[in-house]
Amino acid sequence: MAPSSKLRDLILNTRVPLVLDHFPLDWECFNGSLHDWCERFDQETPNPAVFELMALADTKTPQWERKRRSSPLRMLQFLREYGVLEEEQTHWAAYQYKRAHEIPANCVKGIDFSCFGFPEHGNDFSLWLGSEQANTPCHYDTFGVNVVVQVHGCKSWLLFPPETPLQSTRVPYEESSVYCLENFYAPDPDKIQELEALSLQAYHCNLQAGDVLIVPRHWWHYVEARSTSLSVNYWVPLKEDMDLALDEFLVKHIVESFVKGESDQMKQYLLNPNQLEEISAAPSELYAQFERAVHNLESGQSNRKLWETEYLSQAEFQRLLRTINCIVRPLDVMPTEEFKLLLKGNAKRHRADAAPSEPSPMSSTWELLVSSMCAPRVIAGMKREFFRRLRQGESS
């Protein structure tokens with residue numbers, strides 16, 4: 001069996017996160033230093049890149065994307081101003097979740113996930129560049145297994161299995177992510193015991209340059225840059241995703257029903273920035289997408305290669321793990337004291353005296369209603385009822 005096929009089998013069958021330490025990659029665009037990569041980016045792009053800036057003092061809630069402001073920066077300017085986060089610094093900066101087509105060709109040249117067993121990636125990967133403390137609030141991805149390559153710097157990954165009792169929310173709404181309300185960037189010291197109760201389900205790693213992380217399907221993760229960081233990720237598309245696409249269409253319909261005719265302030269609060277341009281013009285437009293998804297699910301058709309998961313037994317997985325010719329390290333549950341220290345360290349950032357960073361155009365009851373209507377088990381019930389009626393109509 002080819003090494004890449006073995007890796008693919010491990011990636012598609014692991015039940016816990018995997019770290020591939022010092023994985024041998026030779027992607028041409030990353031030869032040289034981070035400064036070299038940024039300089040090349042500037043040379044090939046006529047306009048500055050649009051970075052997100054987030055106030056370090058905004059700590060009362062997770063640092064949602066809607067709270068960030070945009071700032072045009074040249075890459076080398078970013079390195080000069082944010083390469084080291086000094087004490088007087090007031091914001092972190094990030095240029096993240098950028099698809100391959102948004103990046104200069106020579107800055108993605110040679111990126112190829114076939115070494116992990118996925119030659120059909122079709123340049124469907126994303127780049128993430130950020131300063132120290134740049135973070136993504138805790139969430140899980142609705143689609144795929146996540147393969148993350150750390151190119152420069154270091155990122156902290158705090159992960160929890162799908163069954164962890166975190167407070168899921170669809171506010172803010174993003175089509176492919178389910179967030180939770182827990183604030184791991186700056187926990188409230190008065191509520192830290194609630195987070196400490198999660199210690200038996202917490203996994204953690206500091207991903208260093210040259211390392212690769214595999215995040216299994218639907219695992220919660222909070223990600224924070226420990227230093228100026230550049231990483232690349234690819235979500236491996238799964239056959240199970242076809243079924244979940246229907247769930248996401250139902251959620252999208254519900255969420256959009258709450259913003260139709262509402263103020264821009266309401267839309268910007270309820271929707272993640274990347275969703276603001278995706279609002280359907282009419283319910284019929286969204287229904288047409290839903291109908292296509294139903295047809296694809298029924299026929300098993302897809303315009304890209306979809307993979308099965310969990311087709312190996314645990315015994316087969318362990319045997320395969322012993323035959324692999326690189327260092328593959330399944331993560332263990334984090335020692336309780338280390339988890340508590342991480343929480344207490346982050347809690348020092350919490351600013352109880354900070355003024356609210358944003359007025360809320362929604363009442364808390366309204367937010368609860370949106371999240372309740374969009375809860376996975378509620379959406380699953382709607383889908384079951386839809387297919388029951390669909391089958392009933394076909395048989396009559």
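- Taking the charged nitrogens against the carboxylate oxygens, R389 and E385 do have a contact shorter than 4.0 Å, which makes a salt bridge.
- Heavy atoms from other residues, nucleotides or ligands lying under 6.0 Å from NZ of K98 number more than 12.
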Check the pair L53 / R68 against side-chain contact (heavy atoms from CB on, under 4.5 Å), numbers first and verdict last.
CA-CA 5 Å; L53 300 186; R68 306 169 193 173; over 6 Å; no
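- Once rounded to the nearest 0.5 Å, the distance linking CG of N325 with CG of L7 reads 8.0 Å.
- Residues V259 and L270 come closest through the heavy atom pair CG1-CD2, 3.2 Å.
- In this structure, E367 and V370 have side chains that are not in contact, with every pair of non-hydrogen atoms separated by 4.5 Å or more.
- L129 and L25 fall within a single hydrophobic cluster, where Ile, Leu, Val, Met, Phe, Trp and Tyr are joined by side-chain heavy atoms under 4.5 Å apart, directly or via other members.
- The two atoms that bring P137 and P62 nearest to each other are CB-CB, 4.0 Å, heavy atoms only.
- Side-chain contact check for S176 and T142: no donor-acceptor pair (N or O, by modelled atom type) lies under 3.5 Å.
- The closest side-chain heavy-atom distance from E196 to Q193 is below 4.5 Å.
- Within the 4.5 Å cutoff, the side chain of R322 has heavy atoms near those of the Q318 side chain.
- Side-chain contact, E174 with Q275: no donor N or O sits under 3.5 Å from an acceptor N or O.
- In this structure, R66 satisfies the cation-pi test against Y269, with its NZ or CZ atom closer than 6.0 Å to the six-membered ring centre and inside 45 degrees of the ring normal.
- Nearest heavy atom pair, residue D9 against residue L320, reads CB-CD2, 3.4 Å.
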Derivation of the side-chain contact (heavy atoms from CB on, under 4.5 Å) call for F125 and F113
CA-CA 9 Å; F125 51 80; F113 283 82; 4.0 Å; yes
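- The aromatic rings of F116 and W27 sit perpendicular to each other, their planes meeting at more than 60°, with 30° as the lower class boundary.
- By the ring pair (Phe, Tyr, Trp, His ring centres under 6.0 Å) test, Y179 pairs with W64, H139, sequence neighbours left out.
- Looking at K267 and E256, no side-chain N of the basic residue comes within less than 4.0 Å of a carboxylate O on the acidic one, giving no salt bridge.
- Note that CG of N272 and OG of S177 are 7.5 Å apart. Values are rounded to the nearest 0.5 Å.
- Legend: ring pair (Phe, Tyr, Trp, His ring centres under 6.0 Å) pairs involving residues 187-208, not counting sequence neighbours, sorted by first then second residue: Y203-W219.
- Within a 6.0 Å radius of NZ in K191, other residues, nucleotides and ligands contribute 12 heavy atoms or fewer.
- Considering only residues two or more places apart in sequence or on other chains, Y95 meets the ring pair (Phe, Tyr, Trp, His ring centres under 6.0 Å) condition with F41, F51.
- Applying the ring pair (Phe, Tyr, Trp, His ring centres under 6.0 Å) criterion to F118, with sequence neighbours excluded, gives W307.
- A distance of 8.0 Å separates CG of L341 from CE of M334, quoted to the nearest 0.5 Å.
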Start with the C-alpha gap between I379 and I254, add the side-chain angles, then the distance that decides, and say whether side-chain contact (heavy atoms from CB on, under 4.5 Å) holds.
CA-CA 10 Å; I379 296 297; I254 292 169; 3.8 Å; yes
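- Using a 4.0 Å cut-off between charged nitrogen and carboxylate oxygen, E120 and K305 do not count as a salt-bridge pair.
- Side-chain contact between L198 and T164 is present, with heavy atoms from C-beta onward closer than 4.5 Å.
- There is a path of hydrophobic side-chain contacts, each under 4.5 Å, that joins L34 to L76.
- Minimum heavy-atom separation, I214 to T14: CG2-CG2, 4.3 Å.
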For F184 and L343: C-alpha separation, side-chain torsions, deciding distance, then whether side-chain contact (heavy atoms from CB on, under 4.5 Å) applies.
CA-CA 7 Å; F184 290 105; L343 294 176; 4.0 Å; yes
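- The 12-atom threshold is exceeded at CD of Q314, counting heavy atoms of other residues, nucleotides or ligands nearer than 6.0 Å.
- With hydrogens and angles left out, the side-chain atoms of S371 and R170 include no donor and acceptor closer than 3.5 Å.
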What pairs of donor and acceptor atoms, side-chain ones from residues 225-237 against any protein atom, are under 3.5 angstrom apart with sequence neighbours left out?
from : atom 1 : to   : atom 2 : distance (Å)
S227 : OG     : C154 : N      : 3.2
T228 : OG1    : G83  : O      : 2.7
S229 : OG     : Q150 : NE2    : 2.8
S231 : OG     : K155 : NZ     : 3.3
N233 : OD1    : W128 : NE1    : 2.8
N233 : ND2    : N146 : OD1    : 2.9
W235 : NE1    : D141 : OD2    : 3.0

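- No more than 12 heavy atoms of other residues, nucleotides or ligands lie within 6.0 Å of NE2 in H253, so this atom counts as exposed by the packing criterion.
- Under the 4.5 Å side-chain criterion, counting only non-hydrogen atoms from C-beta, M54 is not in contact with H91.
- Under the 4.5 Å side-chain contact rule for hydrophobic residues, V215 and L158 do not share a cluster.
- In this structure, a donor-acceptor pair under 3.5 Å is present between the side chains of Q63 and N135.
- By the rule that hydrophobic residues join a cluster once side-chain heavy atoms approach within less than 4.5 Å of another member, L159 and F339 end up as members of separate clusters.
- Here the two rings, on Y185 and Y222, have centers that are 6.0 Å apart or farther.
- One hydrophobic cluster holds both Y173 and M362 under the rule that ILVMFWY side chains link at heavy-atom gaps under 4.5 Å.
- Every residue two or more places apart in sequence or in another chain that forms a side chain to side chain contact (heavy atoms under 4.5 Å, CB included) with P335 is listed here: E338.
- The pair R217-E240 counts as a salt bridge, with a side-chain nitrogen and a carboxylate oxygen less than 4.0 angstrom apart.
- Put simply, the side chain of I103 reaches to within 4.5 Å of the side chain of V108, judged on heavy atoms.
- Side chains of C115 and F23 form a contact here, defined as non-hydrogen atoms less than 4.5 Å apart.
- Residues W157 and E224 bring no donor and acceptor atom of their side chains to less than 3.5 Å of each other.
- For A209 against V151, the heavy-atom pair with the smallest separation is CB-O, 3.5 Å.
- A donor-acceptor pair under 3.5 Å links the side-chain atoms of S313 to the main chain of E316, judged by distance alone.
- At least one side-chain heavy atom of L79 sits under 4.5 Å from a side-chain heavy atom of C38.
- For the atom pair CZ (R40) and CD (Q43), the distance works out to 8.5 Å, reported to the nearest 0.5 Å.
- Summarising the local packing, CD of E194 is surrounded by 12 or fewer heavy atoms from other residues, nucleotides or ligands at distances under 6.0 Å.
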